[in-house]
A.B. asks: 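What follows is a structure written as structure tokens; I'll ask about it next.
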Amino acid sequence: MTVTTIEEIHKYPDQTVTLRGWLYNKRESGKLVFLILRDGTGFIQCVAFKKDLPEEVWDAAKSVTQESSLMITGSVRKEERAPYCGYEMGVQNIEIVSKVEGEYPISLKEHGADFLLEHRHLWLRTPSQMAVMRIRAEVMAASRDFFNERGFVNVDAPIITANACEGTTNLFQIDYFEDQAYLSQTGQLYMEAAALALGKVYCLGPAFRAEKSKTRKHLTEFWMIEPEVAFLTFEENLAMQEEYVSYVIQRVLKTRAAELNLLERDTSKLADITAPFPKISYDDAVKLLQEKGSEIQWGDDLGAPDETLLGEHFQKPVFVHRFPSAIKAFYMKPDPDRPEVALGADLIAPDGYGELIGGGQRIDDYDLLVQRIQEHDLPMEAFGWYLDLRKYGSVPHGGFGLGIERFVAWISGVEHVRETSPFPRTIYRIQP
RNA sequence: UCCAAGGUAGCUCAAUGGUGGAGCGUCCGCCUGUUAAGCGGAGGGAUGUGGGUUCGAAUCCCACCCUUGGAGCCA
């Protein structure tokens, strides 16, 4: 017997095949049972008529319960009336692999966020979550492809680190034999080292932030892609970012149209997301926000409502560049023409998804970097190797970091980043 | 950490201080084209925890616990 998948079912019209999967839903009408099977590649309706079946097969069709695992053998036919994939299976045999006894926790009706997160291991089986996971996988693959095709080398950063890259308060501390170590907040410093070895590099891996944030934009564990390039100018850096973001979006639009449709994402908005993106200086952004009623003053960081206002105003991702150095990370390179601002930029996503990218030029001067480490009260001894990079063949360089979950949330149109992580970690939730 | 909302059946939610209900799910029955099917029936409850006010508390008050959203911080 030919075993196939729902995705491939169109190749077997009027043939008898076997599908293996789980019972998504069942509808009965007397001597007729509709079994909705899912197998990870799709959903298909299987129809069992009592008069066509041996008694034990009919009994199996009647008694099989939601999310029981089963193998169904039957004839494939094109069927206009069938939901999901346009094909339907006429049941000939059913083999129940494992029957669910009692209630399956997740019904097809609405549930609250807390309940769904408690059952994340089962929530993943629903169509919307399957769609988001497929989009996430495509974003990951497209991200690697974009940089691989452009001569970047994938160099992964360590997750266990000794030094606090961006301050100590937001770090998860762990025991490391006799010592203490931290879970990495960013791979950037290591990417700088790798860029001076290999020219163009990127890492794609998890980052950990012990921030007590409870918003739809925050997770304590999230994935980040961090390219870093030697001899890169600030303008080239921004161009790389907008080309990368556009590439991923256009590719997901092409390859994951069905999933975006299932999620009811308005793809016409995404289709317009092509490079170049609007760019506004921090100075002008502050003026614009003040005109729109924000209380922001020059020197303040952008608040979440400010980011939303900018997103509404531009309706595209927008770069805000040349922030005051005082509110940015210690390694940010000052603008040679205006030392009080940094050659950095944040890319703000539309629709309130917040800061998608933080990036910019890194300080390449040894003495200035030492000065900044002192000003930020960071332990100089931990940055010995990082300072070496400025001692042995320093070059202008830069890069950026993009949060994968925020990117996927924006592309998918889901409200909360927790839906874009397979098993999200938030401040009060590490199960399942 | 702060601000706000909330906690009632497995789930989603009702219930003027006066005998705790509905829809869905589960179980039983009916139905040969259902589309989160429909119809009939059954089962299902320390109303988050502890105190207080009251003849009487899911409802009012206090404390604590938990959840959700937001702020700050960040991707």
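Throughout, protein chains are lettered first and strands after them, A, B, ... in sequence-line order, and every chain is numbered starting at 1.
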A.B. asks: Reading RNA chain B from 5' onward, which residue's closest nucleotide shows up sooner: E221(A) or K51(A)?
C.D. replies: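 Per heavy-atom nearest nucleotide, the more 5' residue is K51(A).
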A.B. asks: I want to verify the glycosidic state of A46(B); is it syn or anti under the 90° rule?
C.D. replies: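 Base orientation relative to the sugar is syn.
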A.B. asks: Quote, to the nearest angstrom, the C1' distance that separates A58(B) from U49(B).
C.D. replies: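 Roughly 15 Å separates the two C1' atoms.
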A.B. asks: Who does G56(B) pair with, Watson-Crick or G-U, both distances under 3.5 Å?
C.D. replies: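 In the structure as shown, G56(B) has no Watson-Crick or wobble partner.
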A.B. asks: Per the atom types in the model, does the base of C11(B) pair as donor or acceptor with the side chain of H111(A) at under 3.5 Å?
C.D. replies: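 No.
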A.B. asks: Is R406(A) reaching over with its side chain to a backbone N or O of V417(A), donor-acceptor style, under 3.5 angstrom?
C.D. replies: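 Side chain of R406(A) to backbone of V417(A), a donor-acceptor pair under 3.5 Å: no, none is there.
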A.B. asks: Using only side-chain N and O atoms of K31(A), determine if any of them is under 4.0 Å from OP1 or OP2 of C31(B).
C.D. replies: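 Yes, such a contact exists.
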A.B. asks: Need the pair for G29(B). Rule: Watson-Crick or G-U wobble, both distances under 3.5 Å, any strand; none if unpaired.
C.D. replies: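 Base partner found: C39(B).
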A.B. asks: Can you tell me how far C1' in A46(B) sits from the matching atom in G20(B), rounded to whole Å?
C.D. replies: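 That atom pair is separated by 14 Å.
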A.B. asks: Would you confirm whether K26(A), through its side chain, and V64(A), through its main-chain N or O, come within 3.5 Å as a donor-acceptor pair?
C.D. replies: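 Checked: pair present.
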A.B. asks: Students often mix this up, so state it plainly: with edges at 30° and 60°, are the rings of H121(A) and H119(A) parallel, tilted or perpendicular?
C.D. replies: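 Answer is parallel, since the angle falls under 30°.
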A.B. asks: My understanding is that only one of F146(A), Y244(A), F147(A) makes a ring pair (Phe, Tyr, Trp, His ring centres under 6.0 Å) with F152(A); could you say which?
C.D. replies: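 One option only clears the test, and that one is F147(A).
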A.B. asks: So if I define the base as every atom that isn't primed, P, OP1 or OP2, how would nucleotides 64-71 of chain B read as a B/S/- string at a heavy-atom cutoff under 4.0 Å?
C.D. replies: ---SBBBB
A.B. asks: Okay, side chain of E221(A), backbone of R425(A): is any donor-acceptor separation there less than 3.5 Å?
C.D. replies: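 Checking the backbone N and O of R425(A) against the side chain of E221(A), no donor-acceptor pair under 3.5 Å is found.
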A.B. asks: Between U19(B) and A57(B), how far apart are the two P atoms, rounded to whole Å?
C.D. replies: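 Each nucleotide's P atom is 12 Å from the other's.
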A.B. asks: For S29(A) and F115(A), find the nucleotide of RNA chain B closest to each by heavy atoms; which residue's nucleotide sits nearer the 5' end?
C.D. replies: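 On the 5' side of the pair lies F115(A).
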A.B. asks: May I ask which nucleotide in the shown strands pairs with C13(B), Watson-Crick or G-U wobble, both distances under 3.5 Å?
C.D. replies: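 Pairing partner: G21(B).
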A.B. asks: Considering every strand shown, what is the Watson-Crick or G-U wobble mate of G45(B) when both distances are under 3.5 Å?
C.D. replies: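 G45(B) is paired with nothing.
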A.B. asks: Measuring only the C1' atom in each nucleotide, how far is A9(B) from C13(B)? A whole number of Å is fine.
C.D. replies: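 Roughly 11 Å separates the two C1' atoms.
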A.B. asks: Please name the nucleotide paired to C73(B) by Watson-Crick or G-U wobble geometry with both distances under 3.5 Å, or report none.
C.D. replies: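 Matched C73(B) with nothing under the 3.5 Å cut-off.
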A.B. asks: So if I apply the side-chain contact (heavy atoms from CB on, under 4.5 Å) rule between I348(A) and each of L356(A), T308(A), L309(A), V320(A), which one comes out positive?
C.D. replies: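 Going through L356(A), T308(A), L309(A), V320(A) one by one, the side-chain contact (heavy atoms from CB on, under 4.5 Å) with I348(A) is satisfied by V320(A) alone.
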A.B. asks: When only distance counts, do a donor and an acceptor, one from the side chain of E88(A) and one from the base of G33(B), lie under 3.5 Å apart?
C.D. replies: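 Such a pair is found, so the answer is yes.
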A.B. asks: Would you measure the distance from the P atom in A5(B) across to the matching atom in C61(B) and give it in whole Å?
C.D. replies: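 These two P atoms come out 12 Å apart once rounded.
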A.B. asks: Can you tell me how far C1' in A75(B) sits from the matching atom in G7(B), rounded to whole Å?
C.D. replies: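 Looking at atom C1' only, A75(B) and G7(B) are 33 Å apart.
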A.B. asks: Write down the distance separating the C1' atoms in U47(B) and C66(B), rounded off to the nearest Å.
C.D. replies: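 Nearest-Å result for U47(B) against C66(B) at atom C1': 16 Å.
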A.B. asks: Is any side-chain N or O of Q45(A) under 3.5 Å from a base N or O of U34(B), one able to act as donor and the other as acceptor?
C.D. replies: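 Answer yes: a donor N or O sits under 3.5 Å from an acceptor.
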A.B. asks: Using whole Å, what does the distance between atom C1' of nucleotide C11(B) and atom CH2 of W123(A) come to?
C.D. replies: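 After rounding, the gap between these two atoms is 15 Å.
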A.B. asks: Ignoring hydrogens and geometry, is there a side-chain-to-backbone donor-acceptor pair from D39(A) to I6(A) under 3.5 Å?
C.D. replies: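 Yes: the side chain of D39(A) pairs with the backbone of I6(A).
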A.B. asks: So, does Q66(A) use its side chain to make a donor-acceptor pair with the main chain of I106(A) at under 3.5 Å?
C.D. replies: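 Here the side-chain-to-backbone pair exists.
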A.B. asks: Provide the distance between the two P atoms, one in C74(B) and one in G50(B), to the nearest whole Å.
C.D. replies: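 Comparing P positions in C74(B) and G50(B) gives a spacing of 43 Å.
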A.B. asks: Using a 4.0 Å heavy-atom cut-off, does L219(A) contact any base of the nucleic acid, only the sugar-phosphate backbone, or nothing at all?
C.D. replies: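 Here L219(A) touches the bases of the nucleic acid.
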